[in-house]
Amino acid sequence: MEGERRASQAPSSGLPAGGANGESPGGGAPFPGSSGSSALLQAEVLDLDEDEDDLEVFSKDASLMDMNSFSPMMPTSPLSMINQIKFEDEPDLKDLFITVDEPESHVTTIETFITYRIITKTSRGEFDSSEFEVRRRYQDFLWLKGKLEEAHPTLIIPPLPEKFIVKGMVERFNDDFIETRRKALHKFLNRIADHPTLTFNEDFKIFLTAQAWELSSHKKQGPGLLSRMGQTVRAVASSMRGVKNRPEEFMEMNNFIELFSQKINLIDKISQRIYKEEREYFDEMKEYGPIHILWSASEEDLVDTLKDVASCIDRCCKATEKRMSGLSEALLPVVHEYVLYSEMLMPILSVCFNVKGVMKRRDQIQAELDSKVEVLTYKKADTDLLPEEIGKLEDKVECANNALKADWERWKQNMQNDIKLAFTDMAEENIHYYEQCLATWESFLTSQTNLHLEEASEDKP
Amino acid sequence: MEQAPPDPERQLQPAPLEPLGSPDAGLGAAVGKEAEGAGEESSGVDTMTHNNFWLKKIEISVSEAEKRTGRNAMNMQETYTAYLIETRSVEHTDGQSVLTDSLWRRYSEFELLRSYLLVYYPHIVVPPLPEKRAEFVWHKLSADNMDPDFVERRRIGLENFLLRIASHPILCRDKIFYLFLTQEGNWKETVNETGFQLKADSRLKALNATFRVKNPDKRFTDLKHYSDELQSVISHLLRVRARVADRLYGVYKVHGNYGRVFSEWSAIEKEMGDGLQSAGHHMDVFRGYMCRYASSIDDILEDEEHYADQLKEYLFYAEALRAVCRKHELMQYDLEMAAQDLASKKQQCEELVTGTVRTFSLKGMTTKLFGQETPEQREARIKVLEEQINEGEQQLKSKNLEGREFVKNAWADIERFKEQKNRDLKEALISYAVMQISMCKKGIQVWTNAKECFSKM
């Protein structure tokens, strides 16, 4: 379903098609295949890491999978699009469709909260039915994210919308906030569904299908997320000092994350500001048209002209409204999601597992390994035990490295695609807006000229 | 130079009649003769007549503005702007123009000219001056009179003012106007020597008349209402337009910020060395488009300022309309008062003659108290009254005539004004549409190019 078959599908967005070997017929820099193979490589790596039978669907074409030939981080520009493989939303290949809608308010004696309806449609065999409908609240999403991070500490888990909006919220549950959150939650679940590994996570399945009571009893199993995380973070913090061999490629990743985080935050601020300015422009324009109508009441000879101007202005007003809503549908949520992603990617802000945390974990493992090696060199005792332990740790490190790298590549690919699409969308919205306004005013002008010609011909004897 | 006024080459119509508005011409004479002049306005007769100030067609332009310092009346240093007025006469045969006069004037001199015209041509809707201080500003425009954009727009407004006068069939023949264009020194003294300030109606008197007049011509009452409405609606429109301009500016300028982000990003992309095909290059191109988009708003809004100025002119015309209405009310009130006075004198006379006292009078009271007057005294009084009544009747007749002439002439000019207004406003609205179209076309171009950038990345 994924992997090779996807690689050979021409993506629907009009981007140059990526062949199975990662060749792109047009545009893009000429990087032969390495990025393409990385996607497939990831599958292979995950196979080893997760040991799940479901991954049989991944192609085992040996010619494309060579772990040893996996090249480290390409010394190329992060945003060069070389392979146009799309991982999500190929309609004929998806077998899991999720929607989040119908927010509903629930009032109890203790609290008020919102639940969202989640509808899942699937053709997968492991699901008992082909359609599910459940209601979940934000807390449940938080739980799911935590479980995913626990289970896949080296993967990039999609971000959840913020718990609270920091600035300017009077009411916790106003309509805009709920709608924005709903859209983000929808995105969250779909990202998981599209992730080659996370989509088969058991907790995810339970989240989508279990009844309320089933979910709460399931939640009670296993140690609390926070305690687990807390332990690891503490352990990581103490092990950080001992890290010696941090690979080069992760430094580059680190730098990229910092740069990206800076940029995406700026873009987010700018985009929000544009929306705000457009809204204020719209508010003023609403008043502008009606004044001309008012005026027409005292001008006998200019009535038609003034009324026509008023209607043109009103139509442009509506076009502005549409442009605004386009912005809030496409660009704003996408950019904001990546702001959240970048926050996860940066060590400072996150509480949960993040890539850096993942790297720390990997480093921790590495540190363990290093210390073991030291011990080995200085202590000749327990020689039988240590090599085995070292071996295990080496494997662990290798797996963590590769899993992260692969997911990182996938994430970057998606990011490039998404940002590009979002901006293309914004450009289209603007084009459409101006085209509409142009048509409005041109037809006004034509009608005025025609009127003038009519009048002129009437004057002639 | 000839940007804002819709009719850039308004040319003087040489008058077939004797030029009026010389300092000694009485108001009555002016009214009488101009009645005929008004009818001639569209004849475009090109005959040269004696006592006409211009023998040929002329062009007027306010071509420059200059900052100056000088000393004012209180001998304090001040800074002001002077405007260069150039007058050219146009040869018929080859259309070439020759500079005939050129002088500098400041805004206060324009004001003086207008004040003079208002007094001497009360039946004319006198063209308004551009605003003294910048109003209806949106945030970018400074309200400072010394701001070059404001000075430039004022220069155009002053030129428009002169052109309006020059194309008015009656005002163009005024001597003071002629001297304004031709006599640099001493012009102020000449204007003041006309004594027009003394001839001006007092505001108090006019206000009084407005309240107390009983039978004004209905057309003028309606006109007053119209001018109030016009003023109110245009003010409102200009206020909202300023706010809309402000917001539009914001939208465009914020997009410029994208440019900066992408340019920084592209620099790093390029460092990683992909050459022309790199995303970095396309980001640079995108940045260029965003910067261009952001700065295009400056030109767009500058054009809109011209549109706003066209509307402002008619905002100020509303006051000129009201001035004509006020004059009518004043004359009508004067007439009513004179009629009332005459009626009461007639009554008094009648009472004296017949001996009956129907109305209360002080004389009657004192007579009652201090005794009747002698027959001789009574005769004397009757004679005086009869004389006064005679005079009064004459005056009433001439006032009546004056009033009717005024109404006729004023209404003729008002009709002319209405047609001018309809033409100008329609043109202004159409030019607004043209501006919007141009803005949309630019927008489509920028965003189409921007979209291409992303598709190439």
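Here the structure is a predicted model, which means the values were calculated and not measured. Chain letters run A, B, ... following the sequence lines, proteins first, then strands; residues in each count from 1.
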Peer 1: Under a 4.5 Å heavy-atom cutoff, which of A:Phe282, A:Tyr281, A:Tyr433 has the most pairs with chain B?
Peer 2: A:Tyr281

Peer 1: So, for A:Tyr341 and A:Phe260, is the gap between ring centers shorter than 6.0 Å?
Peer 2: no

Peer 1: At what distance, to the nearest 0.5 angstrom, does CG of B:Leu230 lie from NZ of B:Lys421?
Peer 2: 6.5 Å

Peer 1: For the residue pair B:Tyr432 and A:Trp441, is the inter-centroid distance of their aromatic rings smaller than 6.0 Å?
Peer 2: yes

Peer 1: Angle between ring planes, A:His292 versus A:Trp295, binned at 30° and 60°: parallel, tilted or perpendicular?
Peer 2: tilted

Peer 1: Please state whether the side chain, the backbone, both or neither of B:Tyr226 comes within less than 4.5 Å of a heavy atom of chain A.
Peer 2: side chain

Peer 1: I need the contact set between residues 434-444 of chain B and chain A: heavy-atom distance under 4.5 Å, sorted by residue number.
Peer 2: B:Val434, B:Gln436, B:Ile437, B:Met439, B:Cys440, B:Lys441, B:Gly443, B:Ile444

Peer 1: Hey, are B:Asp246 and B:Arg243 close enough for a salt bridge, meaning a charged N less than 4.0 Å from a carboxylate O?
Peer 2: no

Peer 1: Relative to the ring of B:Tyr258, is the ring of A:Phe423 parallel (under 30°), tilted (30 to 60°) or perpendicular (over 60°)?
Peer 2: perpendicular

Peer 1: Check for a donor-acceptor pair, side chain of B:Asn449 on one end and backbone N or O of B:Gln445 on the other, with a separation under 3.5 Å.
Peer 2: yes

Peer 1: Drop me the distance from B:Ile414's CD1 to B:Glu419's CD, to the nearest 0.5 angstrom.
Peer 2: 13.0 Å

Peer 1: Determine the option with the most heavy-atom pairs under 4.5 angstrom with chain B, choosing from A:Asp301, A:Thr424, A:Ile274, A:Thr305.
Peer 2: A:Ile274

Peer 1: Check A:Lys263 with A:Glu258, please: is the shortest side-chain N to carboxylate O separation under 4.0 Å?
Peer 2: no

Peer 1: Among residues 308-338 of chain A, which ones touch chain B with a heavy-atom distance under 4.5 Å?
Peer 2: A:Val309, A:Arg323, A:Leu331

Peer 1: As an exercise: rank A:Leu266, A:Ile267, A:Ile291 by heavy-atom pairs under 4.5 Å with chain B and give me the winner.
Peer 2: A:Ile291

Peer 1: With only heavy atoms counted, which part of B:His255 is less than 4.5 Å from chain A, the side chain, the backbone, both or neither?
Peer 2: both

Peer 1: What distance do A:Leu302 atom CG and B:Asn422 atom CG have between them, rounded to the nearest 0.5 Å?
Peer 2: 4.5 Å

Peer 1: Could you tell me whether B:Lys253 atom NZ has more than 12 heavy atoms of other residues or ligands within 6.0 Å of it?
Peer 2: yes

Peer 1: Which one, A:Tyr275, A:Tyr288, A:Tyr434, leads in non-hydrogen pairs under 4.5 Å with chain B?
Peer 2: A:Tyr434

Peer 1: Does B:Lys224 pair with B:Asp228 as a salt bridge, N-O distance under 4.0 Å?
Peer 2: no

Peer 1: Using non-hydrogen atoms only, which part of B:Tyr289 is less than 4.5 Å away from chain A: side chain, backbone, both, or neither?
Peer 2: neither

Peer 1: Is it the side chain or the backbone of A:Leu445 that comes within 4.5 Å of chain B heavy atoms, both, or neither?
Peer 2: side chain

Peer 1: Could you check whether the rings of B:Phe220 and B:Trp411 sit parallel, tilted or perpendicular, using 30° and 60° as the cut-offs?
Peer 2: perpendicular

Peer 1: Tell me, side chain or backbone of A:Glu278 under 4.5 Å from chain B's heavy atoms, or both, or neither?
Peer 2: both

Peer 1: Given the options A:Glu299, A:Glu442, A:Glu429, which has more heavy-atom pairs under 4.5 Å with chain B than any of the others?
Peer 2: A:Glu299

Peer 1: Between B:Arg153 and B:Glu131, does at least one N-O distance fall below 4.0 Å, as a salt bridge requires?
Peer 2: yes

Peer 1: With a 4.5 Å cut-off on heavy-atom pairs, point out which of A:Asn430, A:Thr449, A:Leu294 contacts chain B the most.
Peer 2: A:Asn430

Peer 1: Checking A:Ser271 against chain B: side chain, backbone, both or neither under 4.5 Å from a heavy atom?
Peer 2: both

Peer 1: Hey, what do you get for CZ (B:Arg247) to OH (B:Tyr252), rounding to the nearest 0.5 Å?
Peer 2: 16.0 Å

Peer 1: Heavy-atom cut-off 4.5 Å, strictly under: side chain, backbone, both or neither for A:Phe444 against chain B?
Peer 2: side chain

Peer 1: Can a salt bridge be assigned to the pair B:Arg219 and B:Asp222 using a cut-off of 4.0 Å between side-chain N and carboxylate O?
Peer 2: no

